There are 2 protein chains.
Amino acid sequence: MESTFGIIAEPNRRAILSLLASSEQSVSEIEHRLRMPQPSVSKHLRVLREAGFVEARVDAQRRVYRIRPDPLREVDAWLAPFRRFWSTHVDALERHLDRMDQAPPRKGTKRKKGKKR
Amino acid sequence: MESTFGIIAEPNRRAILSLLASSEQSVSEIEHRLRMPQPSVSKHLRVLREAGFVEARVDAQRRVYRIRPDPLREVDAWLAPFRRFWSTHVDALERHLDRMDQAPPRKGTKRKKGKKR
DNA sequence: CAGGTATATACTTGTGTGCGTATATACCTG
DNA sequence: CAGGTATATACGCACACAAGTATATACCTG
């Protein structure tokens, strides 16, 4: 029932995703960092997992969760037609990226610049 | 209570936004094209308007609605940290957008954080 | 002004869903 | 095996909200 957008409508789930964006985390780590009750964390993680936003790796009794990008990519794709409203010359770049999306994955070039905000 | 994300969680509202992405439309045009009851359209438009997603231009008895990009931009910004999961050299795009963020007049609210109540 | 069109609002109802509390399951260590 | 830790699930409740129906407001045309 819950669509991709419905799922990220929940603030706590967005918080979990944002936390996982930096690095994978176990349930208790999430629980502690976001200061939210453990059943709540587990339940949100279940929703996120079943919708494909995250996946779990088992490490002894811990489950370490990490991002799976596909659903967020869908959001990104939905957003595409609106980008022209705030970006004038990104259009070309966008088409460029579109073409790149189906290009074979190439590894090696990531985050070479420390330009974070 | 309705956040930016909560608002686009509604499929009909997304449909309205997508329709408006192509060009501005009157209420009855939306009603007809999306085949949804008029009160529903008006109500969704109200929500979208109050949240800043759209604005209305008055033309006689008609109200012609058009996109206002700011809230969607916020979504786009939230998405930014995740892009590295599916794009290798989109970093260029990111820097590009970063630069762009401070280029236009004003509107510097990035980094929208909110997890407490 | 009447009649018609276009849009907005009021009110009710049903359903979904997040939360809290309690408990169950799984695994590790001694 | 016992005891502890880590995570998942069950259940009840309260509340937000989308949809439907009916009605109100605004404006245009004759």
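For clarity, every value in this text was computed on a predicted model and none was experimentally measured. Here is the naming used below: chain letters follow the sequence lines, and residue numbers restart at 1 for every chain.
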- line: From CD of A:Glu29 across to P of D:dT5 the rounded distance in Å is 17 Å
- line: When both distances are under 3.5 Å in a Watson-Crick or G-U wobble arrangement, the nucleotide paired with D:dT9 is C:dA22
Nearest-nucleotide pick for B:Pro37, side chain only, options being C:dG18, D:dG20, D:dA8: D:dG20
query: Would you say C:dA8 has OP1 or OP2 under 4.0 Å from some side-chain N or O of B:Tyr65?
result: yes
task: Report the distance from atom CZ of A:Arg14 to atom C1' of C:dG18, rounded to the nearest whole Å.
output: 14 Å
- request: Compare all side-chain heavy atoms of A:Ser42 with those of A:Gln38 and state whether any distance is below 4.5 angstrom.
  value: yes
Minimum-distance nucleotide (side-chain atoms of A:Pro39 versus D:dT9, C:dT7, D:dG20): D:dT9
Along DNA chain D (nearest heavy atom to each residue), the more 5'-positioned of B:Gln38 and B:Val47: B:Val47
- request: May I ask you to evaluate whether B:Ser40 reaches the phosphate of D:dA18, defined as a side-chain N or O under 4.0 Å from OP1 or OP2?
  value: no
Rounded interatomic separation in angstrom, taking CE from A:Met36 and P from D:dT7: 15 Å
query: Is it the case that one hydrophobic cluster holds both A:Val47 and A:Val41, taking links as side-chain heavy atoms less than 4.5 Å apart, direct or via other members?
result: yes
task: Tell me which nucleotide among C:dT5, D:dT5, C:dA8 gets nearest to the side chain of B:Arg49.
output: C:dA8
- prompt: How long is the line joining CD of B:Glu10 and C1' of C:dG16, in whole Å?
  reply: 13 Å
- request: Send over the distance from B:Arg57 CZ to C:dA6 C1', rounded to a whole Å.
  value: 15 Å
field: Value in whole Å for how far the C1' atom of D:dC28 lies from CZ of B:Arg62
entry: 10 Å
Whole-Å distance separating the CD1 atom of A:Ile30 from the P atom of D:dA6: 14 Å
query: Start at the 5' end of DNA chain C and walk down; is the nucleotide closest to B:Glu31 or to A:His44 reached first?
result: B:Glu31
message: Any heavy-atom pair between the side chains of B:Val54 and B:Leu17 that's under 4.5 Å?
response: yes
A:Leu45 and A:Tyr65: CA distance, side-chain angles, deciding distance, side chain to side chain contact (heavy atoms under 4.5 Å, CB included) verdict: CA-CA 8 Å; A:Leu45 282 173; A:Tyr65 282 85; 3.6 Å; yes
message: Checking contacts here: which listed nucleotide (C:dT7, D:dG20, D:dT7) is nearest the side-chain heavy atoms of A:Val27?
response: D:dT7
task: Please state whether the phosphate of C:dT7, meaning OP1 or OP2, lies under 4.0 angstrom from any side-chain nitrogen or oxygen of B:Ser42.
output: no
task: Any strand is fair game: report the nucleotide pairing with C:dG4 by Watson-Crick or G-U wobble, both distances under 3.5 Å, or none.
output: D:dC27
- request: Let me know the distance between CZ of A:Arg46 and P of C:dC19, rounded to the nearest Å.
  value: 16 Å
- prompt: Would you say the base of D:dA19 and the side-chain of B:Lys43 have a donor-acceptor pair closer than 3.5 Å?
  reply: yes
- line: Taken to the nearest 0.5 Å, the spacing of A:Ser26 OG from A:His32 NE2 works out to 11.0 Å
